[in-house]
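Each chain gets a letter, A, B and so on, in the order the sequences are listed, and its residues count up from 1. Computation of the quantities below employed the complete heavy-atom set of this structure, encompassing side-chain atoms and omitting hydrogens, waters and symmetry-equivalent molecules.
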There are 2 protein chains.
Amino acid sequence: MESEENGVRRGAEAKEVVVDGVRAAILSGELSPGQRLVEAELTELFAVTRGSVRSAFADLTAEGLVERIPNRGVRVRRVSVEEAVEILECRGVLEGLIAARAAMRVNDAQAEQLRQIGDGMQAAVASGDVLTYSRLNSQLHATVSEIGAQPVAADLITRLRSQIVRHQFQLSLRPGRPQVSLPEHLAIIEGVLAHDAARAEQAARRHVESVIAALQQGAEAPGTLVQAAAD
Amino acid sequence: MESEENGVRRGAEAKEVVVDGVRAAILSGELSPGQRLVEAELTELFAVTRGSVRSAFADLTAEGLVERIPNRGVRVRRVSVEEAVEILECRGVLEGLIAARAAMRVNDAQAEQLRQIGDGMQAAVASGDVLTYSRLNSQLHATVSEIGAQPVAADLITRLRSQIVRHQFQLSLRPGRPQVSLPEHLAIIEGVLAHDAARAEQAARRHVESVIAALQQGAEAPGTLVQAAAD
DNA sequence: CCTGACATTTTTGTTGCCAATAATATCGGC
DNA sequence: GCCGATATTATTGGCAACAAAAATGTCAGG
């Protein structure tokens, strides 16, 4: 159906290719904050038309990953530490909301799922398997979010999260960090399992506060760059 | 410099004209949820090119006011009561965050400003001047937001708020509503004035919870449509 | 009278070209 | 030789025509 004779993608698909590609490049650090994104370059790089690149920029701007300056194109948005803290503060209350709802709605099967994640996290930290810990961390957030059933809040968090991945990178997998975050994660699980909304919310908020503290600490002493996004 | 000979606007200005116009139309109720927005119609209505309309649609989609269905155009987004509640729940925790920060940062001049707003609100409710009450309500939110100095949270709230104006309309200025919300508003002011972050946050969250309750009540018994957006 | 295929029309999506704008380089004056 | 004005270039913004898709209307067949 699609012609695709010379490798040039077309259709709405083309926009997604650019959006996903640029997003991945920003999140992985290939594109640095402040870097200019020239339409013609991306047109060639992704083998799409300029219109698709343009449309993709609109999406990425809405996502907060890039900013557009009139007549000067788009550049990767630079997020200051102060702004990152503000973003995390918002995330904190939103994650708290989700955790509270999760505590109210969790059923037996979901509870078992959480228990397994908690056990896995403890084992991973004990054995120093940071990669597994990072993976379980993402899984925990996803599971709690699913139990909480607050798609609006979850959506906001996703957007906020992507804006500060670069800051999170700096503190992820920093030596000793898993030892700090593990009990915080377990506290969230416990709160949900106990059907204690207030406790789950408090635990979630405290966890994000701990991330903020770590980020502010690391602001002056930039840590090593790693690939997993554990917090 | 701008030609503007035949009334057709051009430049980046054109997109903004459409965005503002459509947004105002949606918020004021001229455009009903689910209503289709045909590009050609808006092109004629606003005297802009189709490209500007298209670009404006991208912005409005990001704002959550309209939704785009591939090859079927955009329509005014229909927000269910359930989703409105979810949005309000997010707003609740975010407003709580701002109120808490405001309590921590408020200075004497700002405190006096809040006191005046509070007094004005009491007087307005006592005399039944709903319009002034509505105006002061907006002013209170803006002032607290300014004191809280959380632009990220404030921005999220603005976006969330615009998505449910139609629902808020239904309950605004409903008889007896100001009597319910006045003490809630005063509690927020008191918490901030007392530099009591926890109290201010609780007050802000309780206020939004009250809005949720009113909205759920009014879901089955649709109220009268009014123009001011008090909550 | 209903049903399904086909043609028509409406509407959106895309492309290529031209204009406007800002950054850069060049040139003349002091 | 340095500074400011002007020309050049690179890049984005906008427009109009074109192509594709979906919805609608029409008509023949049962």
Side-chain angles (χ1 to χ4, degrees), chain A residues 1-22 25-26 31-32 34-63 65-78, chain B residues 1-22 25-26 31-32 34-63 65-78:
Chain A
M1 190 184 288
E2 312 237 330
S3 49
E4 192 91 21
E5 52 188 29
N6 51 359
V8 176
R9 325 232 176 185
R10 9 176 75 187
E13 174 196 2
K15 180 186 71 175
E16 291 304 323
V17 170
V18 180
V19 171
D20 293 345
V22 173
I26 293 176
L31 293 173
S32 315
Q35 185 164 340
R36 283 191 63 191
L37 296 177
V38 179
E39 292 181 359
E41 288 178 11
L42 297 192
T43 295
E44 195 172 349
L45 182 61
F46 289 104
V48 298
T49 65
R50 222 177 60 129
S52 300
V53 173
R54 226 133 196 289
S55 175
F57 280 169
D59 281 25
L60 291 166
T61 304
E63 247 182 278
L65 288 177
V66 304
E67 60 187 344
R68 148 167 268 140
I69 303 164
N71 293 321
R72 292 193 52 185
V74 314
R75 49 185 56 197
V76 179
R77 198 159 85 90
R78 175 169 279 140
Chain B
M1 189 182 283
E2 311 239 327
S3 49
E4 191 91 19
E5 51 187 31
N6 52 359
V8 175
R9 327 234 174 182
R10 9 176 72 185
E13 178 194 2
K15 180 186 73 174
E16 292 304 322
V17 169
V18 180
V19 171
D20 294 344
V22 173
I26 293 175
L31 292 172
S32 313
Q35 184 164 342
R36 283 189 63 189
L37 297 177
V38 179
E39 292 180 3
E41 287 178 12
L42 298 191
T43 295
E44 196 172 347
L45 182 60
F46 289 104
V48 298
T49 65
R50 237 189 76 194
S52 300
V53 173
R54 201 155 239 282
S55 175
F57 281 170
D59 281 25
L60 291 166
T61 304
E63 248 182 277
L65 288 177
V66 305
E67 60 187 345
R68 149 166 269 142
I69 303 164
N71 291 321
R72 292 193 52 185
V74 315
R75 49 184 58 198
V76 179
R77 198 159 84 89
R78 175 170 278 140

Return the nearest nucleotide to the side chain of [X]; candidates are [options].
X: A/Asn71; options: D/dC18, D/dT11, C/dA22; answer: C/dA22
X: B/Arg72; options: D/dA22, C/dT12, D/dG13; answer: D/dA22
X: A/Ser52; options: C/dT15, D/dT12, D/dC18; answer: C/dT15
X: B/Arg68; options: C/dG13, C/dT12, D/dG14; answer: C/dG13

Tell me the interatomic distance from [X], atom [atom1], to [N], atom [atom2], rounded to whole angstroms.
X: B/Arg50; N: C/dT11; atom1: CZ; atom2: P; result: 11 Å
X: B/Glu39; N: D/dA22; atom1: CD; atom2: C1'; result: 14 Å
X: A/Leu37; N: D/dG13; atom1: CG; atom2: P; result: 13 Å
X: A/Ile69; N: D/dG13; atom1: CD1; atom2: P; result: 10 Å
X: A/Lys15; N: C/dT14; atom1: NZ; atom2: C1'; result: 13 Å
X: A/Leu42; N: D/dA10; atom1: CG; atom2: P; result: 18 Å
X: A/Phe57; N: D/dG13; atom1: CZ; atom2: C1'; result: 14 Å

Tell me yes or no: between the side chains of A/Ser55 and A/Ser52, is some donor less than 3.5 Å from an acceptor?
no

Considering just the side-chain nitrogens and oxygens of A/Arg54, establish if one lies under 4.0 Å of OP1 or OP2 belonging to D/dG13.
yes

Would you tell me if any nitrogen or oxygen in the side chain of A/Thr49 comes within less than 4.0 Å of OP1 or OP2 on C/dT15?
yes

Output, in order, the C-alpha distance, side-chain angles, deciding distance and verdict of side chain to side chain contact (heavy atoms under 4.5 Å, CB included) for A/Val66 and A/Leu31.
CA-CA 11 Å; A/Val66 304; A/Leu31 293 173; over 6 Å; no

Considering every strand and a 4.0 Å limit on heavy-atom distances, what is the contact class for B/Gly51: base, sugar-phosphate, or nothing?
nothing

Give the C-alpha distance, both sets of side-chain angles, the deciding distance and a yes or no for side chain to side chain contact (heavy atoms under 4.5 Å, CB included) between A/Leu60 and A/Val74.
CA-CA 10 Å; A/Leu60 291 166; A/Val74 314; over 6 Å; no

Is a side-chain N or O of A/Thr61 found less than 3.5 angstrom from the main chain of A/Phe57, in a donor-acceptor match?
yes

Spatial distance of atom CD1 (A/Ile26) from atom CD (A/Gln35) [nearest 0.5 Å]:
9.0 Å

